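Written below as structure tokens is the structure these notes are about.
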Amino acid sequence: GAAAPALAVVCSLPTESASLALVMTARGCKVVAGAPPIEQPRRTLLFSFHKTQAAKPSLVAAPTTATSPAAAPTFTQSPPVARIFASLQGLPLRLPHRSCTPPAPPSPPVPRNSRCSFDGFATPCTNAPQTPPDPAAEERRLEKFRELLSAPVVDMGKLRKLSWNGISREVRPMVWKLLLEYLPANSEGRNDILLRKRKDYHDALSNLMHRNTEDEPVLRQIHMDLPRTCPCIDMFREPRIQQVLEHILFVWAVKHPASSYVQGLNDVCVPVLLVLMSEHTPIEDYSKLENVTASLLDEDAWNDVEADSYWCLSKLLDGIQNHYTFAQPGIQKSLHRMQKLVEKIDPPLSLHLQQQGALYIQFAFRWMNCLLIRELPMRLIVRIWDTYMAEEQNRGFAVLHTYVCVAVLVMWSASLRNQEFQELMLLLQHLPTENWTTRHVEEILSQAYTWREMYNDSRHLSL
């Protein structure tokens, strides 16, 4: 006579070819296929089990623990089901264990597989030696990109799938142009379209720069913000590069009067500019630009980079333009959704922030407005944007980014819950990420993708 226990499981199973999110309840199951997983030899499982007298299934999220290649996954479900899923994956069984130790201060190097645990969200220690990339694997990956790009018509589905795990540096400028739909997938006539787009931009720029003084307030605000653009990088103090940024932002502001120019757009323009610069001069590391100067490009190359950057930035912002219109409703909505997600994913952290009077707009507004550009090293921003651009219909910047911000916040949960208002705000406004590596952001992307599949596409989990 009693109602059967409701069972709810969410299981993210990265494989070599696809990522499957499995949602199971007492009434059935659902398998959601999504973007390719992060290419790491691990399996990430999230489980939550509840016995209830109600007929309606319930699900509560539990933070995942990403495992190192040599370690078995840590399950957080009951032992019988743990054995079932361990047998399904052919992996050794390991019953629940979870560390809530706050991040330790820098210390001498630790073994490669050592990990720092931030309230159950395990990440590689920032001071742990990093596994060097496999040159042979990188070359094979590059060849896959080149094979796709050399086709008469680029298979955009395969290109997005391959790009989700990061884009090879040598082909990133062309891939970004294709993913942003600045260039067509059909190679026939592609060069003619590129030349026409560049001419259209420079014609518009020439006309706008000779207009009357009606646009002076926009230019004045842009001039105020340019010196604040990446203040630690000397190349952005060079007059030629500041002129490029000024032109791009001014033309975009005039062409989009609903939003015009908003503080923060100067930062958003930087990754696009750097990537498209690398098409003309090698940039090995986007965070090490000491030897990169405007003189490395001739005037014709700068004109091409400027026009391409304008069009790519326009395509990027088309999907999130409500982030920059009056009152910035897109950002307000994202902040509200972020707060609701943290309430579900990490209730203790949500309660502590509320008790301390810490508002999400006080620290996460900049995360949304500048797309984390001021929080992470530029090389990692470029890597995250590879994944964002691989998402269809601009869902990376419009949707996935919110879940990435949640993953970044929850990552520091243990430390934040032991801090009072001033201390926690100082941490959140100055995240110590300068020593982060690609592995950090790949784990964040993996976690964000899992949560998006759980909460964004499931009707009974909608916020």
Side-chain angles (χ1 to χ4, degrees), residues 5-12 21 23-25 44-54 56-66 74-78 96-103 116-123 332-365 367-368 399-421 423-425 427-428 431 443-444 446-463:
L7 175 66
V9 181
V10 170
C11 177
S12 175
V23 178
M24 301 176 61
T25 71
T44 304
L45 301 176
L46 292 91
F47 296 94
S48 177
F49 297 86
H50 293 271
K51 292 184 178 180
T52 177
Q53 297 300 319
K56 183 177 179 181
S58 62
L59 176 105
V60 175
T64 64
T65 301
T74 299
F75 298 102
T76 57
Q77 74 276 34
S78 62
H97 175 72
R98 181 179 173 191
S99 171
C100 294
T101 306
C116 300
S117 178
F118 297 82
D119 192 37
F121 187 100
T123 71
Q332 300 293 341
K333 181 179 178 180
S334 296
L335 291 173
H336 174 73
R337 185 169 184 82
M338 182 179 177
Q339 180 176 349
K340 294 299 182 182
L341 284 166
V342 175
E343 289 176 1
K344 289 177 175 287
I345 293 167
D346 194 340
L349 174 60
S350 176
L351 178 61
H352 182 71
L353 293 176
Q354 183 179 0
Q355 291 173 339
Q356 293 299 318
L359 304 178
Y360 284 76
I361 197 171
Q362 294 173 311
F363 61 88
F365 180 87
W367 298 7
M368 301 293 179
V399 179
L400 184 61
H401 179 70
T402 301
Y403 291 86
V404 168
C405 291
V406 172
V408 171
L409 176 61
V410 173
M411 189 177 190
W412 304 95
S413 178
S415 291
L416 294 171
R417 294 199 309 268
N418 293 322
Q419 296 174 350
E420 295 185 355
F421 177 82
E423 192 177 6
L424 68 84
M425 290 301 297
L427 172 61
L428 291 173
L431 294 176
E443 291 188 353
I444 286 174
S446 180
Q447 180 66 85
Y449 174 78
T450 302
W451 284 338
R452 188 190 66 180
E453 293 304 308
M454 290 172 61
Y455 293 108
N456 206 65
D457 299 326
S458 300
R459 182 176 303 175
H460 67 287
L461 288 173
S462 60
L463 300 177

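These numbers come from a predicted model, not from an experiment. Values below: all heavy atoms of this structure, side chains included; hydrogens, waters and symmetry mates excluded.
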Tightest non-hydrogen contact, residues S413 and L349, listed as OG-CB, 3.6 Å
With sequence neighbours left out, the residues meeting side-chain contact (heavy atoms from CB on, under 4.5 Å) with P348 are D346, R417
Nearest 0.5 Å, please: how far is CG in N456 from OH in Y403? 3.5 Å
Going by salt bridge (charged side-chain N to carboxylate O under 4.0 Å, His left out), name the residues that satisfy it together with E343, two or more places apart in sequence or in a different chain. K340
For W451 and I345: C-alpha separation, side-chain torsions, deciding distance, then whether side chain to side chain contact (heavy atoms under 4.5 Å, CB included) applies. CA-CA 9 Å; W451 284 338; I345 293 167; 3.4 Å; yes
CZ of F365 to CG of L335, rounded to nearest 0.5 Å, is 7.5 Å
Take M368 and T402 through the test side chain to side chain contact (heavy atoms under 4.5 Å, CB included) and record every step on the way to the result. CA-CA 8 Å; M368 301 293 179; T402 301; 4.2 Å; yes
Rounded to the nearest 0.5 Å, how far apart are CD1 of I361 and CD of Q339? 11.0 Å
Sorted by chain and residue number, the ring-ring contact (aromatic ring centres under 6.0 Å, His included) partners of F363 (sequence neighbours excluded) come out as Y360, W367
Nearest heavy-atom contact between L427 and S415 is CD2-CB, 4.5 Å
Return all side-chain donor-acceptor pairs below 3.5 angstrom for residues 351-359, not counting sequence neighbours, or 'none' if the list is empty.
unit_1	atom_1	unit_2	atom_2	d
H352	NE2	L416	O	3.0
H352	NE2	Q419	O	2.6
Q356	OE1	F421	N	3.1

Are Q447 and M411 packed together at the side-chain level, in the sense that at least one heavy-atom pair is separated by less than 4.5 angstrom? no
